Protein chains: 2
Amino acid sequence: MKLEALTKNDSKKVQNKIISGIRDLINYKNLEPGEKLPSERMLSEKFGVSRSNVREAIQKLEFYGILKPMPQSGTFIANIGVTAINGMIEDILELEDPDFKSLVETRILLELKTAGLAATRRTEEDLINIRKALDAYNKKVLDGKDAVQEDLLFHLAIAKASGNSTIETLMLIITPGIITNFEKHHVCDENQVVLAMKEHEEIYKAIENQDPQLAKEKMKLHFEILYQYCYKTQLS
Amino acid sequence: MKLEALTKNDSKKVQNKIISGIRDLINYKNLEPGEKLPSERMLSEKFGVSRSNVREAIQKLEFYGILKPMPQSGTFIANIGVTAINGMIEDILELEDPDFKSLVETRILLELKTAGLAATRRTEEDLINIRKALDAYNKKVLDGKDAVQEDLLFHLAIAKASGNSTIETLMLIITPGIITNFEKHHVCDENQVVLAMKEHEEIYKAIENQDPQLAKEKMKLHFEILYQYCYKTQLS
DNA sequence: AACAATAAATTGGTTAACCAAAATACTTAA
DNA sequence: TTAAGTATTTTGGTTAACCAATTTATTGTT
C-alpha cells in the first residue's frame, strides 16, 4: 500500500482536530464568555500544527460567530456561553455535505417565504430588478440556451426583495449546491424550462400586485415538479 | 483629524476589493466554468495586496461554493456559470449584518419546519438527545439560573432530528446572532422561561408521538411571544 | 513525427521572521 | 501608597522565503 498524501483530506482532519481542541480548551479551562483564547502561537504549539492552520480554524469558527479575532489583542470567545459553544462545535464537527434532497427541501421552504415577503415588502426598485432577471431568463430560453443561472438569479432577486437579509444570506449559501446538483441530476428538461417562463411571470405579477398569498401559491406550483422528483409525493 | 488605523474596517474593505476584483477578472477574461483562477501570487500583485489577503478572500468565496482551491494545482471556479457567479458575488458584497427582526423571522420559519420534520423522521436516538437537552433546560430554570443556551441546544437537537442537514447548518449559522441579540434585547423574562418548560414538553410529546401537525402548532405557540415582541402582530 | 523521459516552472500550502498596536510590567515621582 | 510615565512583552496581522505536488516545457529516442 502506497503512502498517499491526501492533502485535502488531511487538511480537513487537521482543522477538525484544532476545532475540537479549542472546544476542549474552553471546557477544561472553563473560559468564561467574552474571555480570550490562548494566542495563535500557543495553540499551534499545543496542537502541533502550523499557525496558519490555527488561523484557518479560527476563521471558520468566526464564520459561525463563535470566535472573534481582535487585532493586536487576542481572539475572543463569543458571549454565548460554554454550553452553547460546546453544542455548536459538536454539531459543526459532525456536519456532513448537504444532500440534494435536503437542499431542495430547504430551498422550497425559503422560497415560499421570500415570495410572500417580497409581495408584501417589495419596493419599486426591487420590482425592476426582478423584471430584469425575468427578461434575461426568457431571452436565454427563447434562444434555446441553458438558463439555469438566470433562473437562480430570478429567485435571488426575489430573495433580495423579501427585505430579510438573513434569508437572503442563507439562499446564497445553498445556491451553489443547488446548481451543481441540478446539473448532476439533469432536473431541467425542455418542457419545464418553457413552462417556467409562465410560472415566473405569474409569480412576478403576484409580487407586483402585493398579493403574498398568491405569490406563495404560484411559487409552490413552480416547485411542484422538482419536489415530486425528489420525494415522489405531492408538495403539501 | 487623526489618521486612524481602522484595521478591522480596512481589512474588510481590502477583502471586498479582492472579491470584486476576482469577479471582474471572471467577467473580463470570460473564464469558463471549471477554469482556473490566476495564481494567488498574480492576484496579490495585480490587486496590490498581500497573498494572505487573497487567500482569505478565496476562503470566503470557497465557503459560498464559488471557488475551490486545489493543492499544487490552482483555484478552480465552480461550475455554475459566469452569470450566477456575477449575481452571487454582487449579493455577497452587499450583504449586511443581519438585524434582529430578520433573524427571528428566519428562525421561526426554520423551527416550524424542523419541528414537523422531526416529528416525522426522528429516531429513538434523536428522541433521547432531545430529552436530554430538555432536562438540562428544566434543571437550569428550576435552579433559577439563566438557560438561554440550554434553550438553544434543545432547538438544535430538534433540528438535528429533522434529518435535514442543510437546515441544521443554517440553524447553526444564525444561532450566535440569535443569542447575542436575545441578551441585547432582554427578551426572556422569568414568566416566559417557566412557561417555556411546558411548551417544550408539548413539542417533545408531539415529536415523540410523530404528529407533525401538532409539533408545528406547539412550536408556533412557543414563538408567539417572541414574534409579537418583534412585529407587534400575531404570528399567522 | 510521435512518444517517452526528464528537466524546469508553477501551484497552493507551510513556515518563520517581522510589524505595529495593544496589554502588561516596571519604574519613578508625588 | 498611589498615580503617571516608560519600557517590555504579547498580540493578531503581514510578509517573504521555502516545500512538495503538479503542470508544462524540453529533450531524447525510436
Side-chain angles (χ1 to χ4, degrees), chain A residues 1-19 21-22 25-26 29 31-32 34-63 65-78, chain B residues 1-19 21-22 25-26 29 31-32 34-63 65-78:
Chain A
M1 180 178 170
K2 234 195 313 185
L3 261 169
E4 302 191 29
L6 294 177
T7 52
K8 205 65 187 180
N9 204 355
D10 276 357
S11 112
K12 188 159 189 181
K13 273 191 187 174
V14 167
Q15 204 178 72
N16 278 353
K17 174 179 157 190
I18 298 170
I19 290 177
I22 289 176
L25 260 177
I26 293 174
K29 294 199 135 189
L31 297 177
E32 287 300 308
E35 267 189 87
K36 263 197 297 191
L37 213 62
S39 74
E40 295 177 353
R41 287 166 184 83
M42 288 186 61
L43 291 177
S44 74
E45 195 178 350
K46 189 175 186 74
F47 299 141
V49 298
S50 72
R51 210 185 129 196
S52 29
N53 288 143
V54 172
R55 283 175 65 80
E56 273 177 27
I58 288 176
Q59 188 176 339
K60 182 164 183 181
L61 292 180
E62 183 188 9
F63 188 93
I66 293 178
L67 297 179
K68 190 163 190 57
M70 294 296 226
Q72 280 71 47
S73 174
T75 296
F76 289 81
I77 303 164
Chain B
M1 183 177 169
K2 233 194 311 184
L3 264 169
E4 301 191 30
L6 294 179
T7 53
K8 204 66 187 179
N9 204 356
D10 276 355
S11 112
K12 189 159 189 181
K13 273 190 187 173
V14 167
Q15 206 179 71
N16 279 353
K17 173 179 159 190
I18 297 170
I19 291 177
I22 290 176
L25 260 178
I26 293 175
K29 296 199 131 192
L31 297 176
E32 287 300 307
E35 266 189 90
K36 264 196 298 190
L37 213 61
S39 73
E40 296 177 352
R41 287 167 183 82
M42 289 186 60
L43 291 177
S44 73
E45 193 179 350
K46 189 175 187 75
F47 299 141
V49 298
S50 72
R51 212 185 125 195
S52 29
N53 287 142
V54 172
R55 283 175 65 79
E56 274 176 27
I58 288 176
Q59 188 175 341
K60 182 164 183 181
L61 292 180
E62 184 188 7
F63 188 93
I66 293 176
L67 298 179
K68 191 162 189 58
M70 295 296 224
Q72 281 71 49
S73 175
T75 296
F76 289 82
I77 304 165

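Since the model is a prediction, treat every value here as computed from it, not as a measurement. Residue numbers begin at 1 in each chain, while the letters A, B, ... track the order of the sequences.
Looking at heavy atoms from C-beta onward, A:L43 lies in side-chain contact with A:L25 at the 4.5 angstrom threshold. Put simply, the side chain of A:Q59 does not reach to within 4.5 Å of the side chain of A:Q15, judged on heavy atoms.
Distance from the side chain of B:P71 is smallest for C:dG13 among the nucleotides D:dG12, C:dG13, C:dT14. Set against C:dT15, C:dC19, D:dT22, the side chain of B:S73 has D:dT22 as its closest nucleotide. Checking C:dG12, D:dG13, C:dT15 against the side-chain heavy atoms of A:R55 singles out D:dG13 as nearest.
Shortest non-hydrogen contact noted between A:A78 and A:G65 is CB-O, 3.1 Å. When all heavy atoms of A:L37 and A:L67 are compared, the pair lying nearest together is CD2-CD1, 3.8 Å.
Atom CZ of B:R51 is separated from atom P of D:dA16 by 12 Å (rounded to the nearest Å). Rounding to whole angstrom units, CG of residue B:L37 and P of C:dG13 are separated by 12 Å. Atom CD of A:E40 is separated from atom P of D:dG13 by 6 Å (rounded to the nearest Å). Going from atom CD of A:Q59 over to atom P of D:dG12 covers 14 Å, rounded to whole Å. Straight-line distance from the CD1 atom of A:I18 to the P atom of C:dT14: 10 Å, rounded to whole Å. Rounded to whole Å, the distance from CZ on A:R41 to C1' on D:dG12 is 7 Å. Nucleotide C:dT15 holds its C1' atom 17 Å from the CG atom of A:L43, rounded to whole Å. The nearest whole Å value for the distance from the CD atom in A:Q72 to the P atom in C:dA23 is 10 Å.
Using five terminal pairs a side, the axes of the helix from C:dA1-D:dT30 to C:dA30-D:dT1 at its two ends make an angle of 20°, given in steps of 10 degrees.
Mapped onto DNA chain C by nearest heavy atom, B:K36 and A:E56 fall at different nucleotides, with B:K36 at the one closer to the 5' end. Along DNA chain C, the nucleotide nearest to B:T75 and the one nearest to A:F76 differ in position, and the one closer to the 5' end is contacted by B:T75.
The phosphate of C:dT11 (OP1 or OP2) has a side-chain N or O of B:S39 nearer than 4.0 angstrom.
Screening A:V54, A:I58, A:I22 against A:T75 for a side-chain contact (heavy atoms from CB on, under 4.5 Å) leaves a single residue, A:I58. Of the residues A:E62, A:E40, A:R55, the one that meets the side-chain contact (heavy atoms from CB on, under 4.5 Å) test with A:P69 is A:E62.
Heavy atoms of A:S52 sit under 4.0 angstrom from at least one base atom.
A:K60 places no side-chain N or O within donor-acceptor distance of the main-chain N or O of A:N16, the cut-off being under 3.5 Å.
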